[in-house]
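Presented below is the structure to which this report refers.
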Amino acid sequence: MSNLDDIIKSRRDTRHFTNDVIPDEVIQRALQAGHHAPSVGLTDATKYYLIKSAEIKKAVKDLFLDYDIKASNLTDDELQKAQYKALKLEAIEEAPLGLVICYDRSVLNNFTIGTVGSNEAIKFSAVCAAQNIWLSLTEQGYSMGWVSILNYYQFKQLLGLPEIIEPLGYFCVGKPATNYNNQPMLQQLNWKQKAEKPCVEEILAPVSIPKSLRGTKQSHSSDSTLSETLQQKIDNKTKPTGSLGVLETLAKQIGTVFQTLEPKITKPNIVVFAADHGIGNHGVSAYPQDVTRQMVTNFLEGGAAINVFCKQNDIELTIVDAGVNYDFPTNANLVSAKIGKGTQSFLHSPAMSQTELDLCFIKGGAIVNSVFETGSNCIGFGEMGIGNTSTASVLMSILLELPIEDCVGNGTGVVDEKLIQKQNILKKALENYNGPNDLESKLAYFGGFEIMQMAGGMLQAKQNTMLILVDGFICTVAFLIAYKMNPSVKENAIFCHSSAEKGHQAILNYLNVQPLLQLDLRLGEGTGCAVAFPIIQSAVCFLNEMASFESAGISGS
């Protein structure tokens with residue numbers, strides 16, 4: 001077969017193979033074709049691993065079967081389930097050769113003039129290589145089948161792949177045992193027909209990206225009559241004036257936010273935004289990056305502190321993948337708002353683009369809107385992301401114009417020499433910045449996906465007249481960003497605790513706010529919001545249910 005058009009048309013995602021041994025020259029020619037595929041910036045990020053071991057093939061097959069059961073259980077239609085199970089979806093043990101095509105994220109640490117590296121770009125380069133290999137094998141009378149129904153984290157562990165190596169999947173390689181009547185297998189089995197022609201449209205004019213909430217201006221509450229009436233109601237409760245301290249301040253704030261003398265908190269929800277950070281690859285954390293993925297899994301399985309405290313206080317919990325360096329199963333109980341698989345390292349290049357920054361604010365606002373539409377009027381913000389105390393420290397330094405040394409804390413437990421190293425790396429990153437001096441440019445350069453989504457969410461919560469519960473250091477940095485864009489957001493915010501993280505109290509002082517608790521927390525996850533929530537409820541309860549001097553027949557002062 002030599003005509004390119006014929007080769008392309010005859011390429012099949014093959015699931016049936018003969019036992020014929022594949023000559024080495026066939027494999028080498030196919031891999032060389034993969035090597036000739038487009039590679040962004042000539043990064044040479046694509047890596048190949050050959051699998052001939054029957055033991056490894058069986059282990060991969062077991063991974064497939066485990067995940068395949070979960071896939072079939074996605075439908076309750078027993079006929080559809082039976083039809084799915086009858087499909088031949090893989091030939092892992094039958095095919096004479098297994099091929100794992102991967103991309104190496106470490107190439108992003110090497111600057112190439114004229115290119116801006118991204119996880120997506122090097123992944124697409126690896127996909128181009130896979131297609132070239134497929135076409136080369138087809139031309140030589142062989143074929144390949146792509147198995148992607150796998151838990152990729154376990155797959156990497158099984159193969160012993162380094163953390164920086166990301167597989168596209170497992171490819172079965174061999175001589176095809178059938179030509180599937182010259183049509184794709186699913187079409188042959190009448191599952192789905194392939195359209196005869198490609199879907200092509202001409203775009204005649206650019207479409208504007210929706211404006212983010214960063215430019216939204218909110219008006220300050222100006223109902224002085226309501227404020228005075230709330231204060232009178234509080235003072236007339238059966239207690240000495242001011243004797244409930246902070247609870248009285250809270251009650252007045254909550255009544256003012258909801259514009260009522262009888263406020264009620266409905267369907268409280270804590271939203272935990274998770275993402276990875278490129279700066280985390282430089283040793284600024286005591287934990288490896290994969291802990292982000294592990295902790296999100298822990299959230300989903302109900303085993304984290306935030307799960308316990310939300311359950312204790314009857315608070316809904318929402319988990320958001322804002323940019324974790326991992327592909328979670330599509331049926332995982334989380335909100336997918338992934339901007340990318342972690343930011344780039346801002347030590348030498350921007351963490352994100354301006355477009356990604358805009359998307360963070362848009363997606364953060366949309367997530368808060370979806371919570372609001374459930375009937376919730378109280379939202380807490382939490383976060384998870386290895387390396388995000390470093391990102392937050394740099395943002396704090398920029399926003400408050402403080403030396404980085406005044407902003408950097410222990411984070412996940414970095415102490416002594418490691419703490420000094422962390423400070424030096426972040427100081428170097430700030431010194432390396434030579435971009436525009438405006439705030440948006442700096443937010444894009446040094447930001448984190450989850451931090452910016454929280455800031456956008458807080459602005460939207462203000463617009464929705466929701467109560468905003470702010471957790472610790474990182475969430476307060478996100479709030480500081482929102483505050484710089486719209487100072488009236490502070491009217492809706494309750495700062496739940498003062499963190500043990502070094503810079504937190506300095507931000508609280510700058511905002512001139514009093515946190516509810518001092519428990520030396522530095523866990524994140526929104527745990528401070530959940531622990532403080534009963535106190536917030538107490539403020540609402542006394543305002544609504546406590547007797548007044550008149551109703552109780554008690555003489556006032």
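This is a predicted model, so every value here is computed, not measured.
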Verify the neighbour count for atom [atom1] of [X]: are there more than 12 heavy atoms of other residues, nucleotides or ligands below 6.0 Å?
{"X": "Glu316", "atom1": "CD", "answer": "no"}
{"X": "Lys61", "atom1": "NZ", "answer": "yes"}
{"X": "Glu25", "atom1": "CD", "answer": "yes"}
{"X": "Asp24", "atom1": "CG", "answer": "no"}

Could you pull out all residues at least two apart from [X] that satisfy side-chain contact (heavy atoms from CB on, under 4.5 Å)?
{"X": "Asn333", "result": "none"}
{"X": "Lys9", "result": "Asp5"}
{"X": "Gln157", "result": "Tyr153"}
{"X": "Leu439", "result": "Leu399, Leu443, Lys484"}

Quick one: list whatever passes side chain to side chain donor-acceptor pair (under 3.5 Å) with [X], sequence neighbours left out.
{"X": "Gln131", "value": "none"}
{"X": "Thr292", "value": "Asp276"}
{"X": "Tyr48", "value": "none"}
{"X": "Ser397", "value": "none"}

Open item on the list: Using a 3.5 Å distance criterion without hydrogens, assess whether the side chain of Thr527 forms a donor-acceptor pair with backbone atoms of Glu525.
Closed with: no

Task: Main-chain N/O of Pro96 paired to Lys57 side chain as donor or acceptor, under 3.5 Å - done: yes

Can you measure from [atom1] ([X]) to [atom2] ([Y]) and round to the nearest 0.5 angstrom?
{"X": "Leu430", "Y": "Ile425", "atom1": "CG", "atom2": "CD1", "answer": "12.5 Å"}
{"X": "Asp44", "Y": "Ile122", "atom1": "CG", "atom2": "CD1", "answer": "12.0 Å"}
{"X": "Met352", "Y": "Met452", "atom1": "CE", "atom2": "CE", "answer": "5.5 Å"}
{"X": "Ile51", "Y": "Leu99", "atom1": "CD1", "atom2": "CG", "answer": "8.5 Å"}
{"X": "Phe273", "Y": "Phe449", "atom1": "CZ", "atom2": "CZ", "answer": "14.5 Å"}
{"X": "Phe381", "Y": "Met454", "atom1": "CZ", "atom2": "CE", "answer": "8.5 Å"}

- [ ] Check salt bridge (charged side-chain N to carboxylate O under 4.0 Å, His left out) between Lys338 and all other residues, then give those that pass, not counting sequence neighbours.
- [x] Asp321

Task: Under the ring-ring contact (aromatic ring centres under 6.0 Å, His included) test, residues paired with Tyr433 that sit two or more places apart - done: Tyr445, Phe446

- [ ] For Tyr326, enumerate each residue passing the ring-ring contact (aromatic ring centres under 6.0 Å, His included) test, keeping only those at least two apart in sequence or located in another chain.
- [x] Phe328

If you take all heavy atoms of [X] and [Y], which pair is closest and at what distance?
{"X": "Thr343", "Y": "Gly448", "result": "CG2-CA, 4.1 Å"}
{"X": "Leu135", "Y": "Ile7", "result": "O-CG2, 3.5 Å"}
{"X": "Trp134", "Y": "Ser143", "result": "NE1-OG, 4.1 Å"}
{"X": "Gly526", "Y": "Asp471", "result": "N-OD2, 3.1 Å"}
{"X": "Asn281", "Y": "Gln289", "result": "OD1-NE2, 3.9 Å"}
{"X": "Val320", "Y": "Ala337", "result": "CG1-CB, 3.9 Å"}

Heavy atoms, side chains only, cut-off 4.5 Å: are [X] and [Y] in contact?
{"X": "Ile101", "Y": "Thr46", "answer": "yes"}
{"X": "Ile339", "Y": "Gln453", "answer": "yes"}
{"X": "Tyr49", "Y": "Leu159", "answer": "no"}
{"X": "Asp66", "Y": "Asp62", "answer": "no"}
{"X": "Ile306", "Y": "Leu523", "answer": "no"}
{"X": "Lys52", "Y": "Leu97", "answer": "yes"}
{"X": "Asn432", "Y": "His348", "answer": "yes"}
{"X": "Asn307", "Y": "Asn298", "answer": "no"}

Open item on the list: Quick one, Lys422 with Ser393, criterion side chain to side chain donor-acceptor pair (under 3.5 Å). Give me CA distance, side-chain angles, the key distance, then yes/no.
Closed with: CA-CA 11 Å; Lys422 178 179 178 180; Ser393 297; 5.4 Å; no

Open item on the list: The test is side chain to side chain donor-acceptor pair (under 3.5 Å); show your working for Glu301 and Thr297 and say whether it passes.
Closed with: CA-CA 6 Å; Glu301 294 176 351; Thr297 301; 5.9 Å; no

Compile the donor-acceptor pairs under 3.5 Å between side chains in residues 164-175 and protein atoms, sequence neighbours left out, one pair per line.
| residue | atom | partner | partner atom | Å |
| --- | --- | --- | --- | --- |
| Glu166 | OE2 | Arg105 | NE | 3.4 |
| Glu166 | OE2 | Lys156 | NZ | 3.4 |
| Lys175 | NZ | Gly141 | O | 3.4 |

TODO: Kindly indicate, with the supporting measurements, whether the criterion side chain to side chain donor-acceptor pair (under 3.5 Å) is fulfilled by Ser345 and His282.
DONE: CA-CA 8 Å; Ser345 170; His282 299 284; 2.7 Å; yes

Open item on the list: Between His277 and Glu450, is the side chain to side chain donor-acceptor pair (under 3.5 Å) condition met? List the steps.
Closed with: CA-CA 10 Å; His277 295 251; Glu450 83 281 34; 2.7 Å; yes

